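If you're wondering where the values come from, they're calculated on a predicted model, not measured in any experiment.
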Amino acid sequence: FFFSSRRRHTRQRSVSWARRCVQETGMRASCIVQINKAFEYLFWAISIYPKITRLIPELVLSCNFLKYVLHSTKHKMLPYVLGQDGGIRGGRITINRLKAVNLKESGNVDEHLDKTIFGQVMNTITKNLQSGKEIMKQLEVRIEFFGEGGIDAGGLLRETLTQMAEELQSPSLPFFIPSPNNKTSFGEERENWVINPSCKSAFYLTAYEFIGQFMGMCLRSNQLLPVDLSSIIWKKILGKHVDFEDLKKVDAYCCNALEAIKALDEESFNVAIDNYFVTNLSDGEECELLPNGRSIKVTYSRRMEYIDLVIRCRLNEGNKQIKAIKNGLFKVVREGLMIIYTAEDLEKTICGVHSVDVETLKSITEYD
């Protein structure tokens, strides 16, 4: 009788605990639904009273509800984030794809941006379709392939965007390079690309600004630019904080080496470490961490200073290029309202989803 009563009591407690969990889950779900409705009303108000736009960043940051806003809700807000002004529209872009093919087969870099499809599109938009201070914000253009037949009903534009993305992630253009994890075949984001820290001339920064503007144009036109950029790039575009873990996603070998140096005792350090105050950037270029750092040896007492300087240097590489991309993007979309997006949201909105769930695909497929 005692054991039977005890089992019954345990079962009753389990049922009671499960009921409370269901109730709490329901309450949380209800709160999330209400938060998302509130954000929808807020952005509806913006469409009527645009002047309140400047209050949104402060409001969102102060309430700390952003993590509860669903991606579907953010997608509904997109028209308000983009604004109503479409800038210059229309125009024709003629692309010589044979030039791009010949360049790719030669293995050379399009240093003057006049042979790749990306370069041809950039030159046409910036020189022919834009005038004065007014810029093009919509991809409402007609694509023609020189020497090829075809009427652009959307297919030629999508094919052009795909080929531009492939060029941006290839040796034909210098703007992005494979992540260090790709080179070492170790760590996360081995398939992603990072900013090339060597591309910092005024000519290249202008091209980076166009990349940002073009991202905004794709956003406005509901077109995808399928590039595989590292998460640290998307975070920096949105002004989010980046740290050691973000660096580890693109250069795990460097981060593991720094952690190993930190863990060494003094005797082991003196035997194993022969470093100077320099580090290598993502493109392999050596960078001094201190003035005349190539001649300053890292000692055990200064190892933490060395580690901090390496992390700071690596996290800040490519900042000029990121700033140029931001300048271009925020010429096309409203910067203040982009605060509602996480790095993952922005990447998904501009580039689309990189992986496909097979079960979901099966569930929406109709078989004849």
Q: Could you note down all residue pairs passing side-chain hydrogen bond (donor to acceptor under 3.5 Å, both in side chains) where residues 165-177 supplies at least one of them, sequence neighbours left out?
A: none
Q. Can you name the closest pair of heavy atoms from Asn181 and Arg190 and give their distance?
A. O-CG, 3.2 Å
**Q.** Backbone N/O of Glu209 and side chain of Asn327: donor-acceptor pair under 3.5 Å
**A.** no
Q. Heavy-atom count around Lys183 NZ within 6.0 Å, excluding the residue itself: above 12?
A. yes
Q: Of all the heavy-atom pairs spanning Pro291 and Ile296, show the shortest one and how long it is.
A: O-CD1, 3.7 Å
Q) How far does OG1 of Thr299 sit from CD1 of Ile273, to the nearest 0.5 angstrom? A) 12.0 Å
Q: Mind checking the CG-CD1 spacing from Leu329 to Ile322? Nearest 0.5 Å is all I need.
A: 11.0 Å
Q: Answer yes or no: is there a side-chain heavy-atom contact under 4.5 Å between Pro180 and Arg314?
A: yes
Q.
Is any side-chain heavy atom of Pro197 closer than 4.5 Å to one of Ile177?
A. yes
Q. Quick one: does Ser230's side chain have a donor or acceptor within less than 3.5 Å of a partner on Val250's backbone?
A. no
**Q.** Rounded distance (nearest 0.5 Å) linking atom CD1 of Ile350 with atom CG of Leu225
**A.** 8.0 Å
Q.
Please check this pair: side chain of Arg220 against backbone of Val332, looking for a donor-acceptor N/O pair closer than 3.5 Å.
A. yes
Q: Apply the test side-chain contact (heavy atoms from CB on, under 4.5 Å) to residues Leu113 and Leu173: give CA-CA distance (whole Å), side-chain angles for both, the deciding distance (0.1 Å), then the verdict.
A: CA-CA 8 Å; Leu113 299 182; Leu173 290 171; 3.5 Å; yes
Q.
Is there a continuous path of hydrophobic side-chain contacts, each under 4.5 Å between heavy atoms, that joins Met304 to Val310?
A. yes
**Q.** Nearest-0.5 Å distance, CE of residue Met215 to CD1 of residue Ile237
**A.** 5.0 Å
Q: Begin from the C-alpha positions of Ile233 and Lys236 and carry the test side-chain contact (heavy atoms from CB on, under 4.5 Å) through to its verdict.
A: CA-CA 5 Å; Ile233 293 178; Lys236 285 185 175 184; 5.9 Å; no
(Q) Which residue is it: Tyr276, Phe277, Tyr306? I am looking for the one with a side-chain contact (heavy atoms from CB on, under 4.5 Å) to Leu290. (A) Phe277
(Q) Quick check against the 3.5 Å criterion: does Asn319 have a side-chain atom that pairs as donor or acceptor with the backbone of Lys323? (A) no
**Q.** Student check: side-chain heavy atoms of Phe146 and Leu98 closer than 4.5 Å
**A.** no
Q.
Salt bridge or not between Glu245 and Lys248? Use side-chain N to carboxylate O under 4.0 Å.
A. no
(Q) Whether the side chain of Glu288 engages the backbone of Arg294 through a donor-acceptor N/O pair (distance < 3.5 Å, no angle test) should be reported. (A) yes
Q) Which value, rounded to the nearest 0.5 Å, describes the distance between Lys99 atom NZ and Thr116 atom OG1? A) 10.0 Å
**Q.** Audit row: Ile125, Met217, side-chain contact (heavy atoms from CB on, under 4.5 Å) steps and yes/no
**A.** CA-CA 11 Å; Ile125 289 179; Met217 291 160 63; 3.7 Å; yes
**Q.** Donor-acceptor pair, side chain of Tyr204 and main chain of Phe175, under 3.5 angstrom
**A.** no
(Q) If you define the side chain from C-beta out and look only at heavy atoms, does anything of Cys255 sit under 4.5 Å from Ile311? (A) no
Q: State, to 0.1 Å, how close Ala252 and Gly187 come at their nearest heavy-atom pair, and which atoms those are.
A: CB-CA, 4.1 Å
(Q) So does Ser295 get a backbone contact from the side chain of Asn292, meaning a donor-acceptor N/O pair under 3.5 Å? (A) no
Q. Would the number of heavy atoms belonging to other residues, nucleotides or ligands and lying under 6.0 Å from OH of Tyr253 be above 12?
A. no
Q: Tell me whether Ile232 is reachable from Phe244 by hopping between hydrophobic residues (I, L, V, M, F, W, Y) whose side-chain heavy atoms are closer than 4.5 Å.
A: yes
Q: Measure from the side-chain N and O atoms of Gln321 to the backbone N and O of Cys199, and report whether any donor-acceptor pair falls under 3.5 Å.
A: yes
Q) Hey, are the side chains of Leu224 and Leu161 touching, using non-hydrogen atoms and a 4.5 Å cut-off? A) no
Q | Side chain proximity check, Phe118 to Ile211, heavy atoms < 4.5 angstrom | A | yes
Q) Of Leu103, Thr160, Thr162, which is the lone residue that meets side-chain contact (heavy atoms from CB on, under 4.5 Å) with Ile117? A) Thr160
**Q.** Under the ring-ring contact (aromatic ring centres under 6.0 Å, His included) test, residues paired with Phe176 that sit two or more places apart
**A.** none
Q. Among the clusters formed by ILVMFWY side chains lying less than 4.5 Å apart, do Ile195 and Trp193 turn up in the same one?
A. yes
(Q) Between Asp251 and Leu247 (side chain of the first, backbone of the second, donor and acceptor by atom type, cut-off under 3.5 Å), is there such a pair? (A) no
Q.
Does any part of the side chain of Glu159, heavy atoms only, come nearer than 4.5 Å to the side chain of Ile143, both counted from C-beta?
A. no
Q) Heavy atoms, side chains only, cut-off 4.5 Å: are Asn275 and Ile261 in contact? A) yes
(Q) The test is side-chain hydrogen bond (donor to acceptor under 3.5 Å, both in side chains); show your working for Asp345 and Thr342 and say whether it passes. (A) CA-CA 5 Å; Asp345 291 328; Thr342 64; 2.9 Å; yes
Q: Check Ile307 against Leu258 and note the closest heavy-atom contact, atom names and distance.
A: CD1-O, 3.6 Å
**Q.** For Phe203 against Glu111, the heavy-atom pair lying closest together
**A.** CE2-O, 3.2 Å
(Q) With a 3.5 Å distance limit and no angle check, can you tell me whether Glu347 reaches the backbone of Ser231 through a side-chain donor-acceptor pair? (A) no
Q) Which atoms form the tightest heavy-atom contact between Ala207 and Met122, and what is the distance? A) CA-CE, 3.7 Å
Q: Look up atom NZ in Lys235 and atom CG in Leu346, then write down how far apart they are to the nearest 0.5 Å.
A: 13.0 Å
